[in-house]
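Have a look at the structure below, then the notes.
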Amino acid sequence: MQTVRNRVADILGIDLPIVQAPMNYIAGHALAAAVSAAGGMGVLGPNAGKVQGEEISMRERTLREFARIREVTDKPVGINVVVPDGENKAALMYARGTVEAAAEGGATAAFCVGGLQPMIFELIKEKGMKLIVRPLTPTVKNAREAQAMGADIFVATGYDAGGFLPSHHTGTFSIVPTIVDAVTIPVLAAGGINDLRGVRAAFALGAEGVYVGTRFIATNECAANDHAKELICKLSGSNLLYVDETQRSLPTEFAAEAYVKHRLAPTVPTTVDLVGALRTGMYDGEPDKGIVTVNTGIDVIRSVVPAAQVVSELMADFLRYADFLKAKASAEEATPKA
Ligand SMILES: Cc1cc2nc3c(=O)[nH]c(=O)nc-3n(C[C@H](O)[C@H](O)[C@H](O)COP(=O)(O)O)c2cc1C
């Protein structure tokens with residue numbers, strides 16, 4: 001389908017330069033398959049397909065997720081690899097295992113979050129997968145290092161984003177052009193992109209694709225619980241509470257309590273198990289006992305829709321241009337030659 005040339009789409013082998021960002025627990029097979037089938041790139045998040053109480057290895061669970069994706073689409077699908085910053089052996093082995101299982105399942109791209117580890121990056125390349133790198137806090141230095149280490153694409157995340165926050169408080173409007181100027185590989189913009197205006201802004205800043213998390217939570221296929229989806233559609237960015245220095249949440253009971261504790265003692269390192277709190281608040285626990293982490297721009301998200309609709313709304317300019325090229329080609333074909 002791709003008739004509009006774009007480096008991100010070409011590298012990833014997709015039609016439209018939109019990536020569904022991985023999200024712990026809630027970005028599972030149904031969401032990834034729907035986005036990939038619609039022409040973007042779906043990405044399985046960590047703990048995708050986890051069932052409470054089920055004894056299953058990470059490899060088996062990952063293979064099960066990919067098998068379910070393949071029932072829907074044979075288009076390219078990616079995997080999230082959590083890469084430790086330092087020499088944490090167990091975390092490195094887990095990252096290796098994730099790459100190996102995903103390659104076996106047929107992933108075509110690895111979206112690495114965290115540190116820059118040659119051992120993991122080389123394995124991804126060996127497996128024939130594209131390497132996309134997203135340090136939690138993007139800088140000119142780590143973008144250039146990632147490029148030198150063979151990254152195919154770099155993700156520049158602004159402070160507007162949902163999930164773990166960058167530590168430098170630099171918004172998407174500032175970080176994207178900074179990174180675009182620092183590297184020659186294509187850059188995906190992440191953080192606060194929820195509608196077509198956000199996509200246009202990202203491209204105006206020099207990004208060659210968008211990396212979208214929060215908007216995809218409010219979709220039918222996302223594995224997030226209904227409570228999280230309802231809060232996103234009902235509430236505003238101004239309702240977000242800082243549960244600690246690394247994460248915001250919409251106001252659940254748990255988040256309100258964590259926020260007060262954090263206000264009273266902001267320098268005390270976090271005592272909140274944020275991954276566990278996300279699972280409880282957004283996936284399979286008791287919603288009010290966890291967090292609902294989203295971006296600062298949720299005011300423009302009003303309803304839960306199919307993921308394919310998000311892809312087509314955000315990619316409207318690309319789809320329109322593709323239609324134009326198609327119409328032009330068929331008009332030229334129909335014109336008798338002089
Ligand atoms: C609920 C939630 C969970 C997330 N979990 C992960 C994760 O496990 N791994 C990861 O690389 N990024 C994670 N992220 C970050 C997203 O991949 C992406 O960078 C971010 O959502 C983009 O910003 P946006 O939410 O403004 O679109 C998460 C984001 C959200 C909202």
Side-chain angles (χ1 to χ4, degrees), residues 18-28 31-32 35 40-48 50 78-85 91 94-95 98 109-115 120 132-138 153-166 171-173 175-176 187-195 198-199 201-202 207 209-219 222-225 227-229 231-232 237 240 243 246-250 252 255 274-283 287 290-301 307 310 314:
I18 180 167
V19 174
Q20 163 255 305
M23 295 178 281
N24 217 330
Y25 291 100
I26 63 172
L31 180 59
V35 172
M41 177 145 235
V43 184
L44 278 183
N47 297 303
K50 198 129 190 171
I79 185 79
N80 190 206
V81 184
V82 180
V83 184
D85 250 329
Y94 194 85
T98 305
F111 292 79
C112 293
V113 64
I120 302 298
I132 298 87
V133 177
R134 186 177 85 86
L136 276 178
T137 301
I153 298 174
F154 188 85
V155 184
T157 313
Y159 197 61
D160 321 45
F164 275 103
L165 297 169
T172 306
F173 260 79
I175 198 65
V176 171
V187 172
L188 287 168
I193 300 168
N194 292 334
D195 65 10
V199 174
V210 289
Y211 194 76
V212 176
T214 298
R215 183 60 192 94
F216 279 114
I217 302 174
T219 60
C222 180
N225 57 40
H227 180 251
K229 295 182 188 183
L231 288 185
I232 290 172
L240 283 164
V243 292
T246 68
Q247 198 118 211
R248 289 181 283 245
S249 173
L250 289 173
T252 60
L274 289 169
V275 172
L278 186 155
R279 177 178 185 165
T280 305
M282 302 185 79
Y283 190 55
I291 60 169
V292 177
T293 170
V294 297
N295 71 32
T296 50
I298 55 164
D299 295 64
V300 304
I301 305 175
V310 174
L314 269 60

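Read the numbers this way: they start at 1 and go in the same order the structure lists the ligands and their atoms.
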Next on the checklist: Taking 4.0 Å as the limit for heavy-atom contacts, which would you say applies to V113 with ligand 1: side chain only, backbone only, both, or neither?
Outcome noted: side chain
Checklist outcome for this item: The atoms of ligand 1 lying under 4.0 Å from a heavy atom of A21, numbered in the order shown, are 16 (C), 17 (O), 18 (C)
Checklist entry - At a 4.0 Å cut-off, with the gap strictly under it, does some heavy atom of V212 reach an atom of ligand 1? => result yes
Checklist outcome for this item: heavy-atom search around atom 25 (O) of ligand 1 in the protein gives T214 OG1, 2.6 Å
Checklist outcome for this item: In this structure, atom 13 (C) of ligand 1 is nearest to the protein heavy atom P22 O, 3.1 Å
Checklist entry - Taking the non-hydrogen atoms of G45, is any one of them nearer than 4.0 angstrom to ligand 1? => result no
Checklist entry - Looking at M282, which atoms of ligand 1 are within less than 4.0 Å of one of its heavy atoms? => result 1 (C)
Item to check | Backbone N/O of V82 and side chain of Y94: donor-acceptor pair under 3.5 Å | outcome: no
Next on the checklist: Once rounded to the nearest 0.5 Å, what's the spacing between atom SG of C222 and atom NZ of K229?
Outcome noted: 5.5 Å
Item to check | T172 side-chain N/O to G191 backbone N/O, donor-acceptor pair under 3.5 Å | outcome: yes
Next on the checklist: Counting only heavy atoms from other residues, nucleotides and ligands, does the tally under 6.0 Å from CZ of F164 exceed 12?
Outcome noted: yes
Checklist outcome for this item: If we number the atoms of ligand 1 from 1 as shown, the ones under 4.0 Å from a heavy atom of G192 are 24 (P), 26 (O)
Item to check | Derivation and outcome, side-chain hydrogen bond (donor to acceptor under 3.5 Å, both in side chains), residues N24 and N47 | outcome: CA-CA 6 Å; N24 217 330; N47 297 303; 2.8 Å; yes
Checklist entry - Quick one: which ligand 1 atoms are inside 4.0 Å of a heavy atom on G163? => result 28 (C), 29 (C), 30 (C), 31 (C)
Checklist entry - Can you tell me the protein heavy atom closest to atom 19 (O) of ligand 1 and the distance? => result R134 CZ, 3.2 Å
Item to check | Main-chain N/O of G237 paired to D299 side chain as donor or acceptor, under 3.5 Å | outcome: yes
Item to check | For D195, salt bridge (charged side-chain N to carboxylate O under 4.0 Å, His left out) partners two or more places apart | outcome: R197
Checklist entry - Judging by distance only, is a nitrogen or oxygen of T157 under 3.5 angstrom from one on ligand 1? => result no
Next on the checklist: Before you tell me yes or no, could you show the steps for L188 and V19 under side chain to side chain contact (heavy atoms under 4.5 Å, CB included), namely the whole-Å CA-CA distance, both residues' side-chain angles and the distance that decides it to 0.1 Å?
Outcome noted: CA-CA 9 Å; L188 287 168; V19 174; 4.0 Å; yes
Checklist entry - What protein heavy atom sits nearest atom 20 (C) of ligand 1, and how far off is it? => result G162 O, 3.7 Å
Next on the checklist: Looking only at distances, can you tell me whether any N or O atom of D160, backbone or side chain, sits closer than 3.5 Å to an N or O atom of ligand 1?
Outcome noted: no
Item to check | Separation between CG of L250 and CE of M282, rounded to the nearest 0.5 Å | outcome: 8.0 Å
Checklist outcome for this item: Contact region, R215 to ligand 1, non-hydrogen atoms below 4.0 Å, reads neither
Next on the checklist: Counting only nitrogen or oxygen atoms and a 3.5 angstrom limit, does T293 reach ligand 1?
Outcome noted: no
Next on the checklist: Pairs of nitrogen or oxygen atoms closer than 3.5 Å, one from P46 and one from ligand 1: do any exist?
Outcome noted: no
Checklist entry - Short question: side chain of N194, backbone of I301 - any donor-acceptor pair under 3.5 Å? => result no
Checklist entry - For ligand 1, which atoms, with element, lie under 4.0 Å from some heavy atom of M23? => result 2 (C), 3 (C), 4 (C), 5 (N), 6 (C), 28 (C), 29 (C), 30 (C), 31 (C)
Next on the checklist: So does G163 get a backbone contact from the side chain of T293, meaning a donor-acceptor N/O pair under 3.5 Å?
Outcome noted: yes
Checklist entry - Of all residues at least two apart in sequence or in a different chain, which pass the side-chain contact (heavy atoms from CB on, under 4.5 Å) check with A207? => result V176, A189, A202
Checklist entry - Between the main-chain N or O of V43 and the side-chain N or O of Q20, is there a donor-acceptor pair closer than 3.5 Å? => result yes
Checklist entry - What atoms of ligand 1 come within less than 4.0 Å of a heavy atom belonging to N24? => result 3 (C), 4 (C), 5 (N), 6 (C), 7 (C), 8 (O)
Checklist entry - Of all the non-hydrogen atoms in the protein, which one sits nearest to atom 27 (O) of ligand 1, and at what distance? => result G213 N, 2.8 Å
Checklist entry - Which atoms of ligand 1 have any heavy atom of L278 under 4.0 Å away? => result 1 (C), 3 (C)
Next on the checklist: Counting non-hydrogen protein atoms only, what is the nearest one to atom 10 (C) of ligand 1? Give residue, atom name and distance.
Outcome noted: N80 OD1, 3.4 Å
